[in-house]
Amino acid sequence: MPALAAATCAMLLACTTPPEKSSATSKPGKTNLTIAPQNAPANYPPQVREAPPLPREFRAAWVSTVANIDWPSRRDLSTEKQKNEIIAILDNAVQLKLNAIVLQVRPAADAIYPSAIEPWSEFLTGEQGRPPSPYYDPLQFWIDQAHARGLELHAWFNPFRARTAQSKTTVAANHISKLAPQVVKTYGDLQWMDPGEPIAMQQTLNVIGDVARRYDVDGIHMDDYFYPYPIKAGNGNELDFPDDPAWIAYLQSGGKLARFDWRRDNVNRLVEAINQRVHLEKPWMKFGISPFGIGRPDRLPPGIAGFSQYDKLYADVELWLSKGWMDYLAPQLYWPINQGPQAFKVLHDYWLAQNTTGKHIWPGLYTSRIDNSDKSWPADEILNQVDAMRERGGNGHLHFSMAALNQNRKGIRQRLATEKYTSQAVIPASPWLDISLPASPVLEAAADKKSVRVQLAGTVNTRLLAIWKRTDQQWQFSVVPAQNMSIDLADDAQYGAIRQLTVSAISRTGQESARANYSLP
């Protein structure tokens with residue numbers, strides 16, 4: 001997410017670009033929620049009935065570490081306070097019925113986890129290169145706590161930014177700007193790894209491959225910062241990115257592309273390489289990108305105008321989609337439904353139409369625009385955008401950022417939970433990653449008949465259990481982390497006796513097993 005792109009808004013035709021986006025384990029959220037009334041008679045026989053289809057929707061929030069936007073809230077927090085904030089964020093996500101968190105793990109060529117490649121982030125400890133004290137691995141803690149609650153954890157990387165305007169401390173000795181200063185360029189108040197330099201590209205690939213290999217994350221995620229958002233000189237002219245050495249080396253090696261095409265090719269090669277590297281490390285792992293929400297100028301729908309990421313960030317997103325170089329695209333649709341030149345519904349339809357390889361389109365929503373400013377959105381804007389996506393067949397979205405949801409600004413978290421997220425949901429399947437089905441759970445009644453034991457086979461590919469309970473009035477649905485467990489069959493306080501239990505296993509790629517049923521008299 002463009003954390004520091006506020007200055008670009010002047011050039012974006014009425015657009016708004018947002019800012020960047022106790023340690024005891026809490027119990028997983030297990031909420032039984034009505035799916036659909038069945039209008040069954042009060043005394044039907046206890047035959048097996050088919051449970052409803054899985055409710056499917058990707059519901060996520062970005063958690064920004066840059067500038068301490070979301071977590072940790074300050075750079076001087078103790079380990080205990082950092083952990084407590086993690087738990088509070090995840091508990092709020094469960095209460096809201098989200099199913100994924102996208103955590104920024106590399107804000108500026110640094111790390112919020114122990115790395116042999118890059119230094120600890122100053123946004124974590126207040127000093128670049130200094131580990132937490134008492135020591136712990138924040139990324140591992142996030143993963144463990146998220147998975148214990150049935151949430152996916154996607155690791156979010158900024159591919160080329162090396163230093164932000166909010167950076168205050170001395171650069172660590174093992175930072176890329178010290179180890180390979182020739183590939184890091186100063187651009188305004190930023191430092192940026194030149195995407196045209198092979199060392200810079202390899203650094204990013206090594207970092208992402210390292211996390212994909214060492215950590216049990218569910219996805220690898222990149223934001224919109226490829227080349228930096230343009231800045232202007234004092235005379236009002238746009239400053240070009242200072243990549244002359246890499247450009248000259250390219251020409252001397254026999255390169256034939258025009259300069260802007262060469263820049264786009266640098267980014268294209270990075271995207272393709274990350275896609276290959278991620279799936280080489282773990283074939284089931286999702287790779288997602290969240291680009292700026294307006295595409296190529298020569299393809300835009302009538303009436304749509306604004307900043308060109310194709311010409312300024314050198315991001316050819318339409319090409320990436322056509323090549324299938326990602327598992328999900330999260331275009332940042334950070335404009336209201338009724339803002340004509342950047343109309344939300346028109347842009348959503350545009351990206352759906354570009355998706356010729358059938359990957360996921362899960363737009364980013366500017367939920368943080370709900371604030372106390374004069375330009376604040378009403379909560380209804382986000383609620384209406386969720387409806388608009390569903391009306392077009394959309395099956396997922398992300399909120400930028402978690403702070404707005406944590407703070408329940410203008411009641412947005414409460415209203416989403418009660419009006420839009422009325423049931424838990426399972427993340428849509430990605431069968432191109434792994435089409436195999438997990439083994440069906442085995443259900444066995446306890447001796448007292450008051451609970452049913454769930455036994456799992458082949459649990460390596462199983463991430464969640466989907467549970468339906470049928471009463472005389474309706475089905476109730478819940479999702480819990482996959483484990484051998486017991487399911488209580490006590491009467492529901494509101495809807496009466498449980499008549500049928502249906503359980504299925506959900507794989508890491510979202511595939512559903514055959515369903516197991518248990519009927520009660």
TODO: Please identify each residue that fulfils side chain to side chain donor-acceptor pair (under 3.5 Å) with Gln309, with sequence neighbours left out.
DONE: none
- [ ] Applying ring-ring contact (aromatic ring centres under 6.0 Å, His included), name anything that partners Tyr113, two or more places apart in sequence or on another chain.
- [x] Tyr215
Open item on the list: One thing to verify: whether Glu272 and Lys323 come together as a salt bridge, which I'm taking to mean a side-chain N less than 4.0 angstrom from a carboxylate O.
Closed with: no
TODO: Under the salt bridge (charged side-chain N to carboxylate O under 4.0 Å, His left out) rule, what do Asp349 and Lys345 come out as? Steps first, then yes or no, please.
DONE: CA-CA 6 Å; Asp349 286 348; Lys345 292 181 181 180; over 6 Å; no
Open item on the list: So, using salt bridge (Lys or Arg N to Asp or Glu O under 4.0 Å) as the criterion, who are the partners of Lys286 when residues are at least two apart?
Closed with: Glu152
Open item on the list: Going by the rule side-chain contact (heavy atoms from CB on, under 4.5 Å), which residues pair with Leu251 if we only count those two or more places apart in sequence or in a different chain?
Closed with: Trp247
Task: Asp240 and Arg263 ion-paired at < 4.0 Å - done: yes
Task: Contacts of Leu96 that satisfy side-chain contact (heavy atoms from CB on, under 4.5 Å) - sequence neighbours left out - done: Leu98, Leu405, Arg413, Leu416, Ala417, Tyr421
Open item on the list: salt bridge (charged side-chain N to carboxylate O under 4.0 Å, His left out) for Arg508 and Asp216? Distances and angles first, verdict last.
Closed with: CA-CA 11 Å; Arg508 300 202 67 145; Asp216 188 23; 2.8 Å; yes
Task: Working for salt bridge (charged side-chain N to carboxylate O under 4.0 Å, His left out), residues Asp261 and Arg259 - done: CA-CA 5 Å; Asp261 290 331; Arg259 192 162 189 170; over 6 Å; no
Open item on the list: Pairing donors with acceptors under 3.5 angstrom, does anything connect the side chains of Asp110 and Ser121?
Closed with: yes
- [ ] Give the minimum heavy-atom separation between Ala100 and Phe58, together with the two atoms involved.
- [x] CB-CE1, 3.6 Å
Open item on the list: So, using side chain to side chain donor-acceptor pair (under 3.5 Å) as the criterion, who are the partners of Thr125 when residues are at least two apart?
Closed with: none
Task: Under the ring-ring contact (aromatic ring centres under 6.0 Å, His included) test, residues paired with Trp120 that sit two or more places apart - done: none
Task: Donor on one side chain, acceptor on other, Tyr366 and His399, under 3.5 Å - done: no
Task: Salt-bridge present (Glu238, Lys232; N to O < 4.0 Å) - done: no
Task: Partners passing salt bridge (Lys or Arg N to Asp or Glu O under 4.0 Å) against Arg269 (at least two apart in sequence or in another chain) - done: Asp265
TODO: Decide whether Trp377 and Asp371 meet the rule of one side-chain donor and one side-chain acceptor closer than 3.5 Å.
DONE: no
Task: Side-chain donor-acceptor pair present, Glu85, Ser73, cut-off under 3.5 Å - done: yes
Open item on the list: Applying the ring pair (Phe, Tyr, Trp, His ring centres under 6.0 Å) criterion to Phe226, which one of Phe241, Tyr310, Tyr314, Trp320 satisfies it?
Closed with: Trp320
Open item on the list: Does the plane of the ring in Tyr229 sit parallel, tilted or perpendicular to the ring in Phe307? Use 30° and 60° as the thresholds.
Closed with: parallel
- [ ] Output all residues satisfying salt bridge (Lys or Arg N to Asp or Glu O under 4.0 Å) with Arg409, sequence neighbours left out; order by chain, then residue number.
- [x] none
Open item on the list: Within the 3.5 Å criterion, strictly below it, is a donor on Asp70 or Trp62 matched to an acceptor on the partner's side chain?
Closed with: no
Task: Partners passing salt bridge (Lys or Arg N to Asp or Glu O under 4.0 Å) against Glu127 (at least two apart in sequence or in another chain) - done: Arg130
Task: Pair Glu118-Gln203, side-chain donor/acceptor within less than 3.5 Å - done: yes
- [ ] Applying ring-ring contact (aromatic ring centres under 6.0 Å, His included), name anything that partners Tyr350, two or more places apart in sequence or on another chain.
- [x] none
Task: Polar contact flag, side-chain donor to acceptor under 3.5 angstrom, Asn355-His360 - done: no
Open item on the list: For Pro283, give me all partners under side-chain contact (heavy atoms from CB on, under 4.5 Å), at least two apart in sequence or on another chain.
Closed with: none
Open item on the list: Between Trp325 and Phe287 (judged by ring centroids, cut-off 6.0 Å), do the two rings come close enough to count as a pair?
Closed with: no
